[in-house]
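Take a look at the structure set out below.
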Amino acid sequence: MNDKERAAFEAMKLFGKTEERFISEAASTKAACSDGGRERSTMKGKKFLTGLAAAAVITALACSAAALTVGGLASMRERYNELETELNVPDELPRADIEKNGVEITSPAADEYAKNSDDFTEDEHEPVPVNEDEFGPGEVRLTSVVATNHSFDFTMELNTEGLGIPDGMPEGNKDGSYYIDAFLYLLGDDGERKVVAIFDCKNMARDGNIMTFAANSTGLAEAASGGCVITFGDIWFIKYTENEDGEFSKDREVVANIGREIELNADEFPPMESRYSTENATIREISFSVELCPSSLILTADENHELDELMDIFNTSRLELTLKDGTVLSDMRADFTPGKQRLISGGAVGEDRIRFDFATLVDVDEIESVRVDGVEIALG
């Protein structure tokens with residue numbers, strides 16, 4: 001487990017963890033946002049998302065997302081393209097259609113752009129304004145959401161006015177990006193908060209004072225539902241420092257704390273559908289039911305088992321996906337061959353469950369069957 005993964009794990013433990021029976025081992029490589037950080041417990045302000053029905057996707061925004069900081073789903077697709085390149089995801093792996101399955105949340109700026117675009121047709125792309133409240137200094141607002149049973153990804157905008165964030169990247173930064181600490185909480189009936197995800201929340205574009213971020217989650221045991229809160233804390237970048245021996249160290253350099261949150265109803269963002277095994281699969285004498293989710297493959301044992309047994313399956317089993325065209329793609333988490341193509345970015349292990357997280361969102365309808373440790377698993 002590297003420093004980023006360990007920091008993400010410690011942050012999850014700090015705030016109560018997703019499910020206490022779950023122990024993160026190889027928290028996804030997407031977990032960069034929690035590089036040593038802790039979300040602030042005192043919020044300085046709130047931004048509420050209310051009244052969202054089925055928001056329309058404005059396809060005309062895709063080509064202008066960076067300039068106008070409006071097409072949220074376009075920014076999410078761009079972020080996934082980056083992750084796929086970083087992890088060397090094979091071209092043959094069928095990607096889920098983010099634009100089709102996500103929800104675009106429009107803003108007054110998006111409405112104005114769409115209505116004046118040559119590509120805009122009132123009947124087909126009538127925008128649904130949701131972010132109508134004043135978007136003042138330090139405020140945050142969602143611009144899109146893509147959900148599965150085991151992930152909750154979103155894009156958001158931040159008004160940086162008054163936060164003191166430099167216009168250009170500070171000295172020592174090499175990747176040219178800012179990050180924000182962000183956590184997803186479920187709200188209980190008594191108002192109690194339970195953390196269910198941490199986010200890799202990366203800056204994708206900047207237009208004046210408006211910064212667009214795309215956030216990918218890790219750690220959801222099941223789909224987010226009902227009342228939720230996303231909290232935002234420190235804004236930071238990775239600072240590289242060279243010592244007298246010519247060696248570089250990486251440190252987290254905080255430039256601001258926004259101390260904001262967004263409250264939402266997760267039921268208004270339906271998760272992409274999963275597929276399930278037609279019968280249990282026996283892997284190393286343990287009987288599992290299987291869920292193939294666009295974000296993860298989840299093996300759930302009939303009863304609790306020793307963590308070491310399940311960890312061994314997680315670490316040493318080969319995962320194979322057979323596509324409907326006959327193509328077979330495979331990956332083993334413990335295979336760290338340089339330049340190797342990846343299907344798996346990480347996962348989690350608990351007393352009755354193993355979760356392999358995919359390196360991108362997968363089109364599960366294009367997968368014929370799954371094989372784990374040589375055991376064929378038929379899907380319904």
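For the numbers below, each heavy atom of this structure counts, side chains included, while hydrogens, waters and symmetry mates do not. These numbers come from a predicted model, not from an experiment.
In this structure, the side chains of Asp181 and Trp236 come closer than 4.5 Å at one or more pairs of heavy atoms. Using a 4.5 Å cut-off on side-chain heavy atoms (C-beta onward), Leu361 and Asp153 make contact.
Glu368 and Arg275 make their closest contact through O-NH2, 4.4 Å (heavy atoms, listed as atom of the first residue, atom of the second, distance). Of all the heavy atoms in Glu263 and Leu187, the pair that sits closest is CD-CD1, 4.1 Å. Closest non-hydrogen pair, Ala256 versus Ile165, comes out as CB-CG1, 4.1 Å. The two residues Ile283 and Ile313 come nearest to each other via the heavy atoms O-CD1, 4.0 Å.
A donor-acceptor pair shorter than 3.5 Å cannot be found between the side chains of Ser289 and Asn280. In this structure, a donor-acceptor pair under 3.5 Å is absent between the side chains of Ser177 and Asn203. With no hydrogens or angles considered, a side-chain donor-acceptor pair links Thr337 and Asp335 at under 3.5 Å. Side-chain atoms of Asn257 and Asp234 form a donor-acceptor pair, as typed in the model, at a separation below 3.5 Å. There is no side-chain donor-acceptor pair under 3.5 Å between Glu104 and Ser144. Residues Ser296 and Asp357 have side chains that bring a donor and an acceptor to within less than 3.5 angstrom of each other.
Tracing side-chain contacts under 4.5 Å through hydrophobic residues (I, L, V, M, F, W, Y), one reaches Phe356 starting from Met311; they form part of the same cluster. A continuous path of hydrophobic side-chain contacts links Val254 to Ile238 [ILVMFWY only; heavy atoms under 4.5 Å]. Tyr276 and Ile354 fall into different hydrophobic clusters, where Ile, Leu, Val, Met, Phe, Trp and Tyr are joined by side-chain heavy atoms under 4.5 Å apart, directly or via other members. Under the 4.5 Å side-chain heavy-atom criterion for Ile, Leu, Val, Met, Phe, Trp and Tyr, Leu220 and Ile298 are members of distinct hydrophobic clusters. Under a hydrophobic-cluster definition in which Ile, Leu, Val, Met, Phe, Trp and Tyr are linked whenever side-chain heavy atoms come within less than 4.5 Å, directly or via other members, Met332 and Phe288 are assigned to different clusters.
A donor-acceptor distance shorter than 3.5 angstrom exists from the side chain of Arg260 to the backbone of Gly138, with no hydrogens or angles considered. Using modelled atom types, no side-chain atom of Asp207 and backbone atom of Ile210 make a donor-acceptor pair closer than 3.5 Å.
More than 12 heavy atoms of other residues, nucleotides or ligands shown are found within 6.0 angstrom of CD on Glu82. For Glu92, the CD atom counts as densely surrounded, since its 6.0 Å shell holds more than 12 non-hydrogen atoms of other residues, nucleotides or ligands.
Salt-bridge check for Arg77 with Glu84: passed, with a basic side-chain N closer than 4.0 Å to an acidic carboxylate O.
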